[in-house]
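Notes follow the structure.
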Amino acid sequence: MVWIHIVGGGVAGLSLASELSKHPILPGTVVVSDPNINARDDRTYSFWSDRDCSNFLPGTSQYSKWVVSAKNRSVTQTGTNWHYYRISGRAFFEKCKKVIERHPQCFLNNEAVVSKPSAKYVFDSRPPAPDRFRAYQSFVGIEFKCEHNFAMDIALLMTNMRTEDSGLYFEYMLPITDTSLLIESTYFGAMPGDMKNLEKNSLEWIKNNNLTGQVIRKEQAHIPMGLRPSTNDDWGIPIGARGGMTRASSGYGFMNMRSWAKITAKKLTSGQPITRYRPPLLETWMDLQLIKIIQKKPQHLPKIFLDMAQKTKGDDFASFLTKARPLNALQVITSAPAKPFLKSIIQMIQEK
Ligand SMILES: Cc1cc2nc3c(=O)[nH]c(=O)nc-3n(C[C@H](O)[C@H](O)[C@H](O)COP(=O)(O)OP(=O)(O)OC[C@H]3O[C@@H](n4cnc5c(N)ncnc54)[C@H](O)[C@@H]3O)c2cc1C
């Protein structure tokens, strides 16, 4: 019998399998199934870390400054211990696959799984159905190669924030090399964003910044901002975005999945019990308040994000967006405009 069957070879699935592959002798075989195991150039991963990740993969970009802005206001934050990183999805998947394929007990199967596999442990990372999303982060990103030097080392995290059609729009831009960049026009809202409109916004950003050159790659997605409970259609233990490992308030999940995989591989190889992932309660509660604001009062969002960025230090802002802990959460709550937060708390109490 297979020891572990992982359905889906994305970030969560390959992270777990590659952590398991670090153990020379495993209690049984590990299988990862994915119909797209060999074709993965569809995304870029960004994350904050307080460890030096500049050598994580060849071509990793590192940013010590990031900008949050709206029409009449702009805040630039500087990270001291925390930095923002960008890696290529393709490089990440290649690295994981190399480690997994070297292990005699680990197998990558190019296949779609159609029913619950039989194994001692089954981990299910198929993407969650969109009707479970509480709110949506929709974006269209364009990787652009400029004809001229584009020297900039600041990450534009949430710039030109504005609310239209009952949602928040902003532009996100990461310089990749001196002559290339990734621009993502992004939308937070209760309904999925219009991808054509978002693509148009990304192309307009390139034009408005007088950049000439060539589109190299496009990436787009609707990412869940919070998930409603599943109707019991998980196969085994849900993981990754399906298992609630992407941060509801930001859509970030990469680092959380990496650390979950490390801990889980240790537990599995030492025979400890495995339970499904639960985000910290404080984080769930805070993110739910933000989602309510996204759903009902998105016009407050630019001020919330700008006040948070202005009144917190870069390191606290980055650490909070990675994982909410009591101290950084308190700093963020006290810096956010009181009214929308209080209103949503009162509303929550009234709804009970
Ligand atoms: C374009 C994009 C950019 C993102 N950027 C960031 C970022 O910068 N930073 C960040 O922290 N997060 C980011 N995210 C959010 C999140 O971290 C990613 O979605 C992450 O890839 C989720 O990992 P996962 O393992 O849950 O799912 P995925 O990586 O999506 O993997 C799921 C896998 O399941 C496979 N699958 C589906 N059905 C089956 C089946 N029946 N049988 C077998 N396999 C199946 C799919 O082919 C897929 O490979 C991004 C998401 C997207 C879509």
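When a ligand or atom number is given, it counts from 1 through the structure's own listing order. The first residue in the sequence is number 1, and the count goes up from there. Everything numeric in this text was worked out from a predicted model, so none of it was measured.
Exactly one residue among Asp178, Leu211, Thr179 makes a side-chain contact (heavy atoms from CB on, under 4.5 Å) with His148. That residue is Leu211. A side-chain contact (heavy atoms from CB on, under 4.5 Å) with Ile291 is found for one member of Lys296, Arg134, Met286 and no other, namely Arg134.
Ion pairing of Asp233 with Arg242 is present here, as a side-chain N (NZ or NE/NH1/NH2) and a carboxylate O approach within less than 4.0 Å.
Arg86 places no side-chain N or O within 3.5 Å of a backbone atom of Tyr45 that could act as its donor or acceptor partner. The backbone N or O of Gly79 lies less than 3.5 Å from no partner atom in the side chain of Tyr84, so there is not a single donor-acceptor pair. Of the possible polar contacts, none joining the Ser18 side chain to the Val99 backbone as a donor-acceptor pair under 3.5 Å is found. Under a 3.5 Å cut-off, the side chain of Asp124 and the backbone N or O of Asp234 do not form any donor-acceptor pair. Between the Ser125 side chain and the Val7 main chain, a donor and an acceptor come within less than 3.5 Å of each other. The backbone N or O of Asn160 sits less than 3.5 Å from a side-chain atom of Ser69, completing a donor-acceptor pair.
Counting heavy-atom neighbours within 6.0 Å of Lys120 NZ, excluding the residue itself, gives a total of 12 or less. Under a cut-off of 6.0 angstrom, the local environment of NZ in Lys313 is sparse, with at most 12 non-hydrogen atoms contributed by other residues, nucleotides or ligands. More than 12 heavy atoms of other residues, nucleotides or ligands shown are found within 6.0 angstrom of CE on Met195.
In terms of protein heavy-atom proximity, atom 45 (C) of ligand 1 is nearest to Pro35 CD, 3.7 Å. Shortest contact from atom 15 (C) of ligand 1 to any protein heavy atom: Gly251 O, 3.5 Å. Closest to atom 31 (O) of ligand 1, if we only count protein heavy atoms, is Gly10 CA, 3.2 Å. With respect to atom 42 (N) of ligand 1, the closest heavy atom belonging to the protein is Val113 N, 2.9 Å. Closest to atom 50 (C) of ligand 1 among all protein heavy atoms lies Ile223 CD1, 3.5 Å. For atom 46 (C) of ligand 1, the nearest non-hydrogen atom of the protein is Asp34 OD2, 3.5 Å. Of the protein's heavy atoms, Ser125 O, 3.3 Å lies nearest to atom 32 (C) of ligand 1. Protein heavy atom closest to atom 23 (O) of ligand 1, with residue, atom name and distance, is Met257 SD, 3.4 Å.
When heavy-atom distances to ligand 1 are checked against a 4.0 Å cut-off, Val114 has no atom that comes that close, whether in backbone or side chain. Heavy atoms of Phe139 found under 4.0 angstrom from ligand 1 belong exclusively to the side chain. At a 4.0 Å heavy-atom cut-off, ligand 1 touches Val11 through backbone and side chain alike. Under 4.0 angstrom from ligand 1, there are no non-hydrogen atoms of Met245. Contacts of Ser33 with ligand 1, taken as heavy-atom pairs under 4.0 Å, involve the backbone alone.
Near Asn36, meaning under 4.0 Å from one of its heavy atoms, ligand 1 places the atoms 47 (O). Shown in contact with Gly8 at under 4.0 Å from a heavy atom are these atoms of ligand 1, numbered in order with element: 33 (C), 34 (O), 35 (C), 43 (C), 44 (N). Atoms of ligand 1 lying under 4.0 Å from any heavy atom of Gly240, numbered from 1 in the order shown and given with element: 26 (O). Less than 4.0 angstrom separates some heavy atom of Ala241 from each of these atoms of ligand 1: 26 (O). The contact set between ligand 1 and Ser46, taken as ligand atoms under 4.0 Å from a residue heavy atom, comprises 7 (C), 8 (O), 9 (N), 10 (C), 11 (O). Each of the following atoms of ligand 1 lies closer than 4.0 Å to a heavy atom of Val7: 42 (N), 43 (C). For ligand 1, the atoms closer than 4.0 angstrom to any heavy atom of Ala112 are 42 (N).
Considering each of Gly9, Pro127, Ala12, the one bringing a non-hydrogen atom nearest atom 37 (C) of ligand 1 is Pro127. The residue from Val140, Thr322, Thr44 that puts a heavy atom closest to atom 4 (C) of ligand 1 is Thr44. The closest non-hydrogen atom to atom 18 (C) of ligand 1, taken over Tyr45, Phe254, Phe92, comes from Tyr45.
For the pair Arg43 and ligand 1, the shortest N or O to N or O distance falls below 3.5 Å. Not one N or O of Arg126 is nearer than 3.5 Å to an N or O of ligand 1, by distance alone. For Phe93, no nitrogen or oxygen atom sits less than 3.5 Å from a nitrogen or oxygen atom of ligand 1, counting backbone and side chain alike. Considering backbone and side-chain atoms alike, Trp235 places every N or O at 3.5 Å or more from each N or O of ligand 1. Annotation: Gly253 places an N or O atom under 3.5 Å from an N or O atom of ligand 1; distance criterion only.
Contact between Phe47 and ligand 1 is absent, with no heavy atom of the residue lying under 4.0 Å from the ligand.
Thr186 and Glu184 share no side-chain donor-acceptor pair at under 3.5 Å. Checking Tyr187 against Asn197 by side-chain atom types alone, no donor-acceptor pair falls below 3.5 Å. If you check the side chains of Tyr63 and Ser46, you find no donor sitting under 3.5 Å from an acceptor.
Both tests pass for Arg247 against the ring of Phe320: distance under 6.0 Å to the centre and angle within 45° of the axis.
Residues Phe305 and Phe170 place their aromatic rings such that the two centres sit no closer than 6.0 Å.
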